[in-house]
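One structure below.
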Amino acid sequence: MATPTLQVALDLLELDRAVEIADEAVRGGADWIEVGTPLIKSEGMQAVRTLRERFPGHEIVADMKIADTGAVEVEMAAKSGAGVVCILADADDAVIVEAVRSARKYGVRLMADLINVADPVSRSRELAALGVDYINAHVGIDQQMIGRSSLDLLRRLAGEVGTPVAVAGGLDAETASEAVAAGASIVIVGGNIVKAADVTGAARRVREAIDQPEIRPREEESQDAAIRRLFEAVSALNVTDAMHRKGAMAGVVSICGRVKAVGRAVTVRTLAGDWAKPVEAIDVAGPGDVLVVRNEGRTDVAPWGELATHSAENRGVVGIVIDGAVRDVDDIREMKFPVFATATVPNAGEPKGLGEINTEVACCGQEVRPGDWIVADESGVVVVPRERAYEVARRAMEVKKNEERIREEIRRGRTLSEVSELLKWEKRH
Ligand SMILES: O=C(CO)[C@H](O)[C@H](O)COP(=O)(O)O
């Protein structure tokens, strides 16, 4: 078997950073350098020209995602120095045929991107017949976030397509290795290399993995387990960033400082500090749940204290969020149990049984339904609607990865404004 090609996808907005990251990726063993679609949209064909000049010994791939005017766009990429140009597999045949003619004229190869193609096997055969050089089994970034897998797509093509097959979409060292074992001859990796603080190390790990392809037995993981694993690995900040800066409760703080709670909400509505329903809710909750209590926002009377916290901990509850006050703060702090509240007060209410359990509540400015996910840490509490939890958890992990590289560039001496090119990206009115 020929040595598989490692293509690093530079899905960035800034050309200077892209050049630096490409240099580090090449040192880790990347063969081909892809000028990602966001970089082309941000910097134009100058990105292709610059990378061509800076890396004369490496193939430059222009991820144009061509949808129309096939000939012109292939010509632009070819004249700028690309050796491989990407076109959407879903483009009309008229576009593909023109792109192939242009590719032949300018001596470049065409890679067709199967993103969102309904019948990938028959479309790949048609594309091969039309003269496309490579098929890319690609699951796009937004599709990855809702659980689609590029390896599954690749496996559908195995043995069915004559042209060399590339694969892209959320690959890391482990899945890249499996992709080669499943027949990929070009492995495209973006985020898991370019967002790493140590790009060279990340590229090297993928390089070594694809040079020794193997299929490792994988443990099945339920979606709930994946959501919890991901939320436990990110911060509440990463989660609100992933939701376009939404979902954060207002005015609620951690009583115990540096603690974290991740779990599904069991909701409670109570009145005037009545602690019957919050305490009954402990018995309704299961291990891994978070109690979310609305006490009408009152801060003069507490529906929660140390004994309830002990009981909740015994039950396996992992956190309490109260839109209102809490008491016994010193004992709760000693327990280091994640309690989040808007205030502290010594008064307890009376256990009258007013209120209800597991109905929708408005809590510190957020709607919370039973089963919604809560991610809470020292910065505050975020609510994630249950139907979006998997997607948000995946996106939050991407936010965290993205920050790893930015942090590293700041450590090297750039300012945050420089790294993010703030002035360039200010909104024009
Ligand atoms: O074309 C792309 C997105 O449309 C990416 O380049 C491709 O998905 C590879 O990046 P990643 O490994 O981060 O998924």
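Computation of the quantities below employed the complete heavy-atom set of this structure, encompassing side-chain atoms and omitting hydrogens, waters and symmetry-equivalent molecules. Counting convention: from 1, in listed order, for ligands and their atoms alike. Position 1 is the first residue of the sequence, and the numbers go up from there.
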Original post:
Restricting to pairs with a member in residues 74-89, which pass side chain to side chain donor-acceptor pair (under 3.5 Å), not counting sequence neighbours?
Top reply: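 For residues 74-89, and leaving out neighbouring residues, the side chain to side chain donor-acceptor pair (under 3.5 Å) pairs sorted by first residue read E75-K79, E75-Y106.
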**OP:** Would you list the pairs meeting side chain to side chain donor-acceptor pair (under 3.5 Å) in which at least one residue belongs to residues 86-97, sequence neighbours left out?
**Re:** D93-R123
Original post:
Partners of Y134 by ring-ring contact (aromatic ring centres under 6.0 Å, His included), sequence neighbours excluded?
Top reply: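 With sequence neighbours excluded, Y134 shows a ring-ring contact (aromatic ring centres under 6.0 Å, His included) to W32, given in chain and number order.
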Original post:
Given N238 and E403, is the side-chain contact (heavy atoms from CB on, under 4.5 Å) satisfied, shown in steps?
Top reply: CA-CA 9 Å; N238 297 148; E403 289 186 353; 3.8 Å; yes
Original post:
For the salt bridge (charged side-chain N to carboxylate O under 4.0 Å, His left out) test, which of E409, E408, E404, E398 pairs with K195?
Top reply: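 That would be E398.
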Subject >> Atom-level proximity to ligand 1, residues with heavy atom under 4.0 Å >> reply: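 Shell around ligand 1 (4.0 Å, heavy atoms): A9, D11, E34, D63, K65, H138, I141, Q144, G169, G170, V189, G190, G191.
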Original post:
Would W425 and S420 satisfy side-chain hydrogen bond (donor to acceptor under 3.5 Å, both in side chains), going step by step from the backbone distance to the final call?
Top reply: CA-CA 8 Å; W425 291 109; S420 12; over 6 Å; no
